[in-house]
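What follows is a single structure, written as structure tokens, with notes after it.
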There are 4 protein chains.
Amino acid sequence: MHTDRPPNAAPPAAQVGRPRSRQIDAAVLEAALAVLDESGYAGLALEEVARRAGTTKPAIYRRWPSRQHLVLAALALRLDDAQPPDTGCTLCDLNEGLNVFVAAFQRIRPDVLGPLLAECASKPELHKAFMASLFEPPRRAVAQMLAKAVARGDLRDDLDTDLVLDMLGSLVHYRVLFGHAPIGDAEVERAVESLLSGIATDYPALLAHSRQMTGAARAHSVHTQA
Amino acid sequence: MHTDRPPNAAPPAAQVGRPRSRQIDAAVLEAALAVLDESGYAGLALEEVARRAGTTKPAIYRRWPSRQHLVLAALALRLDDAQPPDTGCTLCDLNEGLNVFVAAFQRIRPDVLGPLLAECASKPELHKAFMASLFEPPRRAVAQMLAKAVARGDLRDDLDTDLVLDMLGSLVHYRVLFGHAPIGDAEVERAVESLLSGIATDYPALLAHSRQMTGAARAHSVHTQA
Amino acid sequence: MHTDRPPNAAPPAAQVGRPRSRQIDAAVLEAALAVLDESGYAGLALEEVARRAGTTKPAIYRRWPSRQHLVLAALALRLDDAQPPDTGCTLCDLNEGLNVFVAAFQRIRPDVLGPLLAECASKPELHKAFMASLFEPPRRAVAQMLAKAVARGDLRDDLDTDLVLDMLGSLVHYRVLFGHAPIGDAEVERAVESLLSGIATDYPALLAHSRQMTGAARAHSVHTQA
Amino acid sequence: MHTDRPPNAAPPAAQVGRPRSRQIDAAVLEAALAVLDESGYAGLALEEVARRAGTTKPAIYRRWPSRQHLVLAALALRLDDAQPPDTGCTLCDLNEGLNVFVAAFQRIRPDVLGPLLAECASKPELHKAFMASLFEPPRRAVAQMLAKAVARGDLRDDLDTDLVLDMLGSLVHYRVLFGHAPIGDAEVERAVESLLSGIATDYPALLAHSRQMTGAARAHSVHTQA
DNA sequence: TGCTAAGCGAGACGGTACGTCCCGTCTTAAT
DNA sequence: ATTAAGACGGGACGTACCGTCTCGCTTAGCA
């Protein structure tokens with residue numbers, strides 16, 4: 001098994017033997033970020049990272065058991081914190097929070113997340129680490145805002161918070177990733193507005209029509225399942 | 001330059017030279033799909049594809065100038081058609097259409113799309129091909145539905161169709177990709193409902209509050225820009 | 001089977017079909033010699049020959065059934081004739097004849113003969129062609145001289161002409177090929193002198209000694225077998 | 001630069017890194033000899049050698065920087081030693097020594113030496129290695145014999161040892177290579193006899209004649225240069 | 001303070017897959 | 001009917017990089 005405890009927790013036992021060089025820890029992470037920025041995930045050769053960090057591959061493998069672990073650790077340095085404001089204005093906060101979200105995504109090359117996630121998908125431990133490092137942090141702020149808005153009574157209290165969070169978050173992710181349409185302040189505001197106010201002219205009428213078409217049983221289940 | 005026209009249009013010039021073996025075309029695509037299914041995108045070795053197809057690497061490179069072209073061609077075979085119904089019931093059609101969307105995504109290993117898109121991102125020609133082969137087709141059906149619903153008067157006529165399409169489509173993509181939450185009939189229906197009916201208890205009030213907070217000028221611009 | 005009748009014999013039947021371009025015949029041979037001189041035998045790519053000759057590989061294969069045939073034909077152009085003089089002076093003629101021999105070898109890159117012969121060795125037909133084109137011609141002149149000298153009574157009449165011819169010819173070949181020692185007028189003269197006059201101080205004594213050592217029977221057989 | 005020191009001298013510096021597997025050294029050389037025997041030099045595919053040796057191409061390239069180096073190393077295993085006797089009988093020793101020479105050549109496919117030498121010719125380092133591995137060893141024994149015979153007074157003391165060595169050695173090489181005439185005990189003995197006793201009926205007379213023909217100056221130079 | 005051994009740095013290893021060159025052959029259109 | 005020409009199916013090339021193994025040196029903690 002691997003130790004993988006570069007800058008974190010307490011020693012597992014009395015620390016014996018030569019201690020790990022912190023300089024190498026940092027140099028490798030920095031070099032990894034540099035190579036990622038230049039060559040993307042697919043072009044990331046650990047040999048090149050080692051060369052730039054002035055060290056060797058085994059020193060890297062001793063610290064991170066796989067390329068994925070290394071990249072996760074390196075990228076996590078870029079997504080530290082960012083606490084969005086809590087002004088009490090639901091609309092303002094949501095817009096602001098989503099812009100933080102957008103900024104977080106744009107701090108990472110778009111062609112890094114895809115392959116990294118793909119390679120993490122098979123190993124549960126890695127997938128968990130991925131979610132904890134790169135997925136959850138920028139979502140957390142928005143999630144908190146939604147919760148507060150519900151508590152405040154600004155949003156419907158039958159709200160599926162996760163679903164709404166995903167509808168807003170996924171939009172950002174989607175547009176950044178595929179690049180088929182812009183995503184900026186204006187788009188974020190429009191999306192928030194659409195979702196909050198609804199896009200149907202007369203939703204109850206649409207629902208009634210739907211019930212006629214599909215039969216009461218199924219239409220009913222939709223609303224009691226939720 | 002590369003010809004890359006195995007299963008499509010007419011010969012561009014008078015056909016000279018030995019014709020390409022259609023058997024190899026098919027065997028390679030089939031083998032590529034098999035290897036993709038077994039090993040994912042990162043594990044797709046052209047040497048292995050060639051071996052399974054009973055041919056050699058040069059024969060593959062003659063047909064598709066890069067691994068990306070090959071994978072695009074192979075995956076496109078899996079996303080042929082699928083025309084969703086047009087019942088006149090906006091709610092039903094949207095739910096049905098999004099389920100087609102979900103199905104399309106699930107026909108492809110989730111760890112294939114990410115790396116493939118990443119590697120296509122740098123070459124405009126490839127990116128265009130990616131969008132045309134794998135991105136647009138499943139969206140098209142939903143886009144048509146939205147347009148019809150607007151025409152029918154079921155949706156607000158100031159609707160940003162692309163934005164709404166992305167909010168629904170991205171949700172599917174996001175959940176399939178990250179796997180942090182399920183996406184099925186129930187979730188689709190709930191998302192459609194939320195978006196159509198709105199999630200705010202009193203949107204006009206929220207908007208008024210927001211205007212107070214940020215000043216009339218900016219809040220105004222949000223609604224005239226759209 | 002192959003036709004292989006580029007610039008030689010009469011048509012085998014009434015000449016039907018499009019006639020072969022004599023220009024290509026010549027251009028290919030010339031290009032082949034040029035490439036041979038530049039790149040040696042191993043570096044001779046028929047594609048390059050075709051390119052330089054302004055034609056294509058099939059046109060070459062139509063004329064010569066293999067690379068070996070082509071090279072044989074090309075090199076044969078360089079070893080046409082050269083008739084050495086017949087002055088009646090055995091010593092002079094031999095020296096002169098061997099110098100012709102040396103010159104013949106030096107008209108061809110030394111790293112061509114070896115591989116060519118090796119590749120001809122397996123096919124009897126090719127080996128015969130090789131011997132007839134590149135081996136026999138320069139030897140023939142020396143062989144004739146030896147025969148005349150024997151007839152003239154200048155050489156022992158129990159002479160094994162082939163053996164002597166080989167002893168002189170092989171020397172040239174050997175030194176040119178391996179390059180470990182020079183081969184020019186002086187060396188040729190010294191070799192001829194050694195062979196003609198003998199290198200033993202007292203050959204009969206050596207022979208007598210040998211007979212004592214090995215027993216009469218075997219020593220005898222050596223001289224009656226001949 | 002390349003190390004290329006599998007079965008020889010001591011490590012040049014403190015040995016760092018994983019040591020090379022001696023098993024692979026041996027397996028590759030053995031496989032190379034087998035493939036050479038079956039397919040000749042031109043048919044020697046390193047991929048096939050690697051396959052038979054149960055290893056891969058990079059492992060071969062790590063040991064021998066080129067196909068030529070590998071073949072030289074492999075063939076050198078076949079020409080180890082062979083010390084011919086020193087009986088004091090010049091005739092017997094020469095015959096015996098030349099037979100060793102013949103045997104040495106016949107331990108190697110005749111279509112290997114030519115191409116190998118050709119490909120070694122351009123790189124001085126390789127040519128030197130070729131001469132040291134495959135050319136010199138079998139000659140050395142004969143050279144020593146000639147030197148002893150001269151010392152013993154059995155051969156003329158104005159003898160050009162190298163020339164005589166080449167005249168005998170080249171004969172063997174020539175006949176083995178071209179295969180136009182046999183080379184065995186009888187031929188060797190006859191060649192030795194011819195060279196030792198001379199083939200002219202009356203050499204002084206021939207020399208006098210030659211001097212008349214070509215002028216004293218040049219004829220003189222031939223005999224004083226020596 | 002000196003000894004001992006865990007852990008480190010470094011470098012080379014065995015191996016997979018790459019993308020390319022060139023081979024010799026096949027097929028079509030032109031002569 | 002046979003050429004000229006282009007593309008094809010394929011074998012092998014030499015290389016980049018992978019993840020691992022082995023070494024000698026460093027450095028703490030124990031004696």
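Here is the naming used below: chain letters follow the sequence lines, and residue numbers restart at 1 for every chain.
Five base pairs at each end of the helix from dT1(E)-dA31(F) to dT31(E)-dA1(F) define two local axes, and these are offset by 10° (rounded to 10°).
Using a 4.0 Å cut-off between a side-chain N of Lys or Arg and a carboxylate O of Asp or Glu, Arg52(A) and Glu38(A) qualify as a salt bridge. Ion pairing between Asp25(B) and Arg20(B) fails under the 4.0 Å rule for side-chain N and carboxylate O. The pair Arg51(D)-Glu48(D) counts as a salt bridge, with a side-chain nitrogen and a carboxylate oxygen less than 4.0 angstrom apart.
Ile60(A) places its CD1 atom 11 Å from the P atom of dG19(F), with the value rounded to the nearest Å. Atom CG of Asp25(B) is separated from atom C1' of dA7(F) by 14 Å (rounded to the nearest Å). Remark: P of dC18(F) and CH2 of Trp64(A) are 15 Å apart, rounded to the nearest angstrom. Counting to the nearest Å, the C1' atom of dG14(F) and the CG atom of Leu70(D) are 14 Å from each other.
Checking Ser21(C) against Ser21(B), the closest nucleotide of DNA chain F that is more toward the 5' end is the one next to Ser21(C). Where Leu44(D) and Arg67(A) each meet DNA chain F at their nearest nucleotide, the meeting point lying more 5' is that of Leu44(D). Each of Ala59(A) and Ala59(D) has a nearest nucleotide on DNA chain E; the 5'-most of these lies closest to Ala59(A).
For Lys57(A), whose side chain is taken as the heavy atoms from C-beta onward, the closest listed nucleotide among dC21(F), dC18(F), dC23(E) is dC18(F). With distances taken from any side-chain atom of Ala45(C) to the nucleotides dC22(E), dG9(E), dG10(F), the minimum falls on dC22(E). You'll find that the side chain of Arg18(B) is closest to dC26(E), out of dC18(E), dC26(E), dC18(F). Side-chain atoms of Tyr61(C) lie closest to dG24(E) of the nucleotides dA4(F), dG24(E), dG14(F). Considering only the side chain of Pro58(B), dA12(F) comes nearest among dA12(F), dC18(F), dA7(F).
Counting heavy atoms from C-beta on, the side chains of Leu113(A) and Tyr41(A) never come closer than 4.5 Å. No side-chain heavy atom of Asp111(D) sits under 4.5 Å from any side-chain heavy atom of Ser122(C).
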Problem set entry | From CA spacing to verdict: side-chain contact (heavy atoms from CB on, under 4.5 Å), Leu117(A), His127(A) | CA-CA 7 Å; Leu117(A) 173 61; His127(A) 189 253; 3.9 Å; yes
Exercise. Checking side chain to side chain donor-acceptor pair (under 3.5 Å) for the pair Gln23(D)/Ser21(D): CA distance, chi angles, key distance, verdict?
Worked result: CA-CA 5 Å; Gln23(D) 262 185 305; Ser21(D) 159; 4.6 Å; no
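Nucleic acid contact class of Pro19(D) (heavy atoms, under 4.0 Å, all strands): sugar-phosphate only.
Defined by atom type and a distance below 3.5 Å, a donor-acceptor pair is present between the side-chain atoms of Glu125(D) and His69(D).
In terms of phosphate contacts, Arg63(D) brings no side-chain nitrogen or oxygen within less than 4.0 Å of OP1 or OP2 of dC13(E). Close to dA4(F), at under 4.0 Å from its OP1 or OP2, lies no side-chain N or O of Arg20(C).
Taken from OH in Tyr61(A) to CG in Leu70(A), the straight-line distance is 9.5 Å, to the nearest 0.5 Å.
Panel note: side chain Arg67(D), backbone Leu44(D); a donor-acceptor pair is recorded below 3.5 Å.
A donor and an acceptor atom sit less than 3.5 Å apart, one in the side chain of Arg62(B) and one in the base of dG10(F).
In the region residues 46-56 of chain D, proximity to DNA chain E at under 4.0 angstrom, judged on heavy atoms, holds for Thr55(D), Thr56(D).
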